[in-house]
Amino acid sequence: MSNPDVIQSGSVAQFHYTLRDGAKEVIDSSEGREPLTYLHGASNIVPGLERQMEGKAVGDKFTANVPAAEGYGERTGEGPQPVPRSALPEDAPLQPGMMLQAQSPEGQVVPVWITKVEETQIFVDDNHPLAGVDLSFEIELVNIREATDEERSHGHPHGPGGHHH
Ligand code: ZN
């Protein structure tokens, strides 16, 4: 018998978190916001955190240390590359940290992140901004329920904190 009170594959769980980097600087936090909602076993969150959520119960507070390789991955490639602004829509709001959809030479759509904005060019990096960063999540688990069949087939939660569509 599976125990619905702990996180397992097919659980929809909600948690509050504070995310710190290897130097213990706060990167992000759900404080003052709705808790994060995810479907366990569907890769909605980074693998190293998902693995450490397994078996946890409502009310549990713990710290999950996630090395970069199990977080947003190690940095790869050549780093930020210049793109002329003329190659971008004129009214596009461009800010460091923003994600854009680029097309690879093979024609695939790949995400890239803006690292720098200059007058005539911007720099984009195909590494996630947190690639190569060791992560430390302070977690407080606030809710667990079973996913609906629809959520399981979509691979993400619906309702409060989930997808609306
Ligand atoms: Zn859906």
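Every number for a ligand or one of its atoms is a count from 1 in the order of the listing. Note: hydrogens, waters and symmetry copies are ignored here, and every other heavy atom, side chains too, is used. Everything numeric here is computed off the predicted structure, so don't read it as measured data. Throughout, numbering of the chain's residues begins at 1 and tracks the sequence.
Residue pairs meeting the salt bridge (Lys or Arg N to Asp or Glu O under 4.0 Å) criterion with at least one partner in residues 85-114, sequence neighbours excluded, are absent.
Note on Tyr17 and Tyr72: same hydrophobic cluster, where clusters join Ile, Leu, Val, Met, Phe, Trp and Tyr whose side-chain heavy atoms are under 4.5 Å apart, directly or indirectly.
Between Phe15 and Tyr38, the angle of the ring planes goes over 60°, which puts this pair in the perpendicular group of the 30/60° scheme. Ring geometry for His156 against His165 counts as perpendicular: the plane angle is over 60°, on a 0 to 90° scale with 30° as the lower cut.
Residue-and-atom listing of protein N/O/S atoms under 2.8 Å from the Zn ion (ligand 1), sorted by chain and number: His154 ND1, His156 NE2, His158 NE2, His165 NE2.
Other residues, nucleotides and ligands contribute more than 12 heavy atoms inside 6.0 Å of the CD atom of Glu118.
You'll find the side chain of Gln101 reaches within 4.5 Å of the side chain of Met99, heavy atoms only.
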